[in-house]
Amino acid sequence: MTQSAPTLRLRNSLTRGVEDVTPLDPTNIRLYLCGPTVYDRAHLGNARNVILFDLLFRLLRHDHGADHVTYVRNFTDVDDKIIARAAESGEDIADLTARTTKWFLDDMAALGTLTPTRMPRATDYIAQMVEMIEGLIASGHAYRADGHALFSVSSYDGYGALSGRSTDDMIAGARVEVAPYKRDPMDFVLWKPSDEDEPGWETSLGYGRPGWHIECSAMAKALLGPSFDIHGGGNDLMFPHHENERAQSCCADPDAGFASVWLHNEMLLVEGRKMSKSLGNFFTVRDVLDKGVPGEVIRFVFLSTHYSKPMDWTDRKAAEAVATLRKWRSIAADGGAPDQAVLDALRDDLNAPGAIAELHRIAKAGDGATLKASAALLGLLEDDMGAWADGGDEAVVEAVLAARVTARADKDWARADALRDGLVAAGVVVTDGKGRGWEAGPGFDPAKLEGLV
RNA sequence: GGCGAGUUGGCGGAGUGGUUACGCAGCGGAUUGCAAAUCCGUGUACAGGAGUUCGAUUCUCCUACUCGCCUCCA
């Protein structure tokens, strides 16, 4: 569709540098994002790479055409954490994963993320996993021991290249799981036996279930092929998850190379610490939404820090985002085209903060059409995301405004000032001469206007 | 201990070998009945040290500090 699509540059974890991305197939650019293990609500940090990949997806669709990008984001619905959670609550595993999958989709939709092209569930790809494991065993990259199938790390010279560590270093750390059946302490599980009361599949490998990592290798291969363009996730997945995925896939298809670019985002912080379940300092996306922070505001805050840097979530940032988005929404108009500088910023390693700076420039110039079309690349100012910015209860506000106009015309300054103070107290920002003449500001509460007129 | 990322003005946060980031807040002005909103103007900040260079916040090295991974984690 495009004669010469613009060049995208990305930071590739594999080479540790920002480089031009050359699509393997310009008519079908393929992305894979490690999706959630479904056993609970997604916490706010989980949203960061979803929003990052949504931005990437939007940009690629713009530059190459919507039909020329395939974006896969999986659900891992078989995992020991799921088994443990179900055992705690007594809930059926299928019900648990279905419920939390729905939660994830709802929460990510609230953040204005596009639906990926494909959203495979791991349990639908057991056969592909088994096939891959059998192949690895046949080629000597994996072995069976004590009912398990294990990947042999020493069989792959490239092991450690992604995360930048040698197996010697890792063993020196002495934090690897030791198991008597492992030939090498670093070897990891591809398949493990299940008890009667654990989920399992009867396969050529015996009754059991997959280990972590193999599901992504199998689903990526099934849906994108043995090689594809961009693979990503949080940088805490780089080791061991992505290192192991890469080892499996590269050994299963030695000539393919798996992912060309590895895109990792930095962590979300809370009070300077990584937000994580093990630290117990996390709150969910739903918590924030329920607190009254619109999804669009969350998205704006996330995009205002480059993905390669840690980001602190603060109420102050959210408040600033609210003000900016309200202002932008008041001037946004249809019929524009994306601004070149915004596109340039995004193509340069997804520099969303730089793009936002350009949006400020466009807004200041009063070009509402260009603003809206450009913001759409970042998933901002979309029509279906803006309900939060509507004032609501307009009649009450309009009545007070009208009364104030009358009072001012009568030069009844005392009454005019009283009405003005009432508006301010109710969080109404009077914008004489602009738009409808007022906006909902911080703490907007029309109930406080009762009795003023 | 190993590996990696980072340290920019009051706050947030880009970027660059020599010229303005940008936003918020602040300050000055215009406007206003007084305000608000709006508009105009305003801030030489780049952790410390050494080096390369005509010139470094921007490249190299060292130091300090912060954070992450090495164990489930996005």
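What's counted below: heavy atoms across the whole structure, side chains too, no hydrogens, waters or symmetry copies. Lettering follows sequence order; numbering is per chain, from 1.
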With a 4.0 Å cut-off on heavy atoms, is A/G232 in touch with a base, just the backbone sugar-phosphate, or nothing at all?
-> nothing
For this output row, return yes or no: ring centroids of A/F104 and A/F75 closer than 6.0 angstrom.
-> yes
Which nucleotide in the list B/C69, B/A37, B/G68 gets nearest to the side chain of A/V429?
-> B/A37
Determine the Euclidean distance between corresponding C1' atoms of B/G18 and B/U52; express it in Å to zero decimal places.
-> 16 Å
Between A/R347 and A/D63, is the closest basic N to carboxylate O distance under 4.0 Å?
-> yes
Side-chain contact check for A/K274: nearest option of B/C69, B/C22, B/G33 is B/C69
Tell which nucleotide pairs with B/C11, taking only Watson-Crick or G-U wobble pairs whose two distances are both under 3.5 angstrom.
-> B/G23
For A/H43, report the nucleic acid contact type (base, sugar-phosphate, nothing); a contact means any heavy atom under 4.0 Å.
-> base
Quick check, are the ring centers of A/Y32 and A/Y71 under 6.0 angstrom apart?
-> no
Taking atom C1' of B/U32 as reference, at what distance in whole Å does atom CZ of A/R420 sit?
-> 10 Å
Which base sits across from B/A37 as a Watson-Crick or G-U pair, both distances under 3.5 Å?
-> none
Using a 4.0 Å heavy-atom cut-off, write out nucleotides 23-28 of chain B from 5' to 3' as B (base contacted by protein), S (sugar-phosphate only) or - (no contact).
-> SB----
Which whole number of Å gives the distance between the C1' atom of B/U66 and that of B/A30?
-> 45 Å
Side-chain donor/acceptor contact of A/R41 with base of B/A74 under 3.5 Å = no
Answer for the Watson-Crick or wobble partner of B/C59, both distances under 3.5 Å, is B/G51
Is there a Watson-Crick or G-U wobble partner for B/U31 with both distances under 3.5 Å, and if so, which one is it?
-> none
Should A/D80 and A/R209 count as an ion pair when the cut-off is N to O under 4.0 Å?
-> yes
With a 3.5 angstrom cut-off on both distances, give the Watson-Crick or G-U wobble partner of B/U71, or none if there isn't one.
-> none
Can you check the A/N281 CG to B/C67 C1' distance for me, whole Å?
-> 13 Å
Between B/C72 atom C1' and A/H213 atom NE2, what is the distance in whole Å?
-> 10 Å
A/F188 CZ to B/C70 C1', straight-line distance once rounded to whole Å | 16 Å
How long is the line joining CH2 of A/W313 and C1' of B/G13, in whole Å?
-> 16 Å
Over how many whole Å does the gap from A/M238 atom CE to B/U71 atom P extend?
-> 14 Å
Does A/R165 make a cation-pi contact with A/F239, if we ask for NZ or CZ under 6.0 Å from the ring centre and within 45° of the axis?
-> yes
Would A/D349 and A/R9 satisfy salt bridge (charged side-chain N to carboxylate O under 4.0 Å, His left out), going step by step from the backbone distance to the final call?
-> CA-CA 5 Å; A/D349 197 23; A/R9 291 163 54 74; over 6 Å; no
Taking the P atom of each, how far is B/G26 from B/C61, in whole Å?
-> 43 Å
Just name whichever nucleotide pairs with B/A45, Watson-Crick or G-U, keeping both distances under 3.5 Å, else none.
-> none
Whole-Å gap separating P (B/C70) and CE (A/M267) | 10 Å
Could you work out the separation of B/C72 and B/U57 based on their C1' atoms and round it to a whole Å?
-> 40 Å
Taking the side chain of A/K317 as its heavy atoms from C-beta onward, which of B/G68, B/G12, B/C70 lies nearest to it?
-> B/G12
What interatomic distance, in whole Å, is found between C1' of B/U16 and the corresponding atom of B/G55?
-> 14 Å
Is there a donor and acceptor pair, one atom on the side chain of A/D417 and one on the base of B/G33, closer than 3.5 Å?
-> yes
Short N-O contact, A/E296 and A/R329, less than 4.0 angstrom | yes
For nucleotides B/C22 and B/A45, find the distance between their P atoms and express it as a whole number of Å.
-> 16 Å
What's the closest nucleotide to the A/L237 side chain, out of B/A5, B/C34, B/A74?
-> B/A74
When all nucleic acid strands are considered with a 4.0 Å heavy-atom cut-off, which category describes A/S276: base, sugar-phosphate, or nothing?
-> base
May I ask you to check whether over 12 heavy atoms, not counting those of A/R361, lie within 6.0 Å of atom CZ?
-> yes
In whole angstrom, give me the gap between the C1' atoms of B/G43 and B/C24.
-> 14 Å
Spacing of A/L423 atom CG relative to B/A37 atom P, expressed in whole Å = 14 Å
Charged N-O contact under 4.0 Å between A/K291 and A/D287 | no
For nucleotides B/G17 and B/A56, find the distance between their C1' atoms and express it as a whole number of Å.
-> 6 Å
Answer yes or no: is there an ion pair linking A/R121 with A/D77, defined by an N-O contact shorter than 4.0 Å?
-> yes
Of the nucleotides B/A36, B/A5, B/A74, which one has an atom closest to the side chain of A/R16?
-> B/A5
Presence of A/N351 side-chain N/O under 4.0 Å of B/G15 phosphate oxygens OP1/OP2 | yes
Sugar-phosphate, base or nothing in reach of A/N265, heavy atoms under 4.0 Å | base
Just checking A/N46: base, sugar-phosphate only, or nothing, at a heavy-atom cut-off of under 4.0 Å?
-> base
Checking N1-N3 plus N6-O4 or O6-N4 for Watson-Crick, or N1-O2 and O6-N3 for wobble, each under 3.5 Å, the partner of B/G17 is none
Starting at the 5' end of RNA chain B and moving along, which residue's nearest nucleotide shows up first, A/E358 or A/D236?
-> A/E358
Want to settle it: does A/G233 or A/R273 sit nearer the 5' end of RNA chain B, counting the closest nucleotide to each?
-> A/R273
Just compare B/C70, B/A14, B/C34 and give me whichever is closest to any side-chain atom of A/K309.
-> B/A14
No-H, no-angle donor-acceptor pair, A/H264 side chain to B/A74 base, under 3.5 Å | no
So what does A/A323 touch, heavy atoms closer than 4.0 Å: a base, only the sugar-phosphate, or nothing?
-> nothing
Side chain to side chain contact (heavy atoms under 4.5 Å, CB included) with A/E91: which residues, sequence neighbours excluded?
-> A/S89, A/D95, A/L96, A/R99
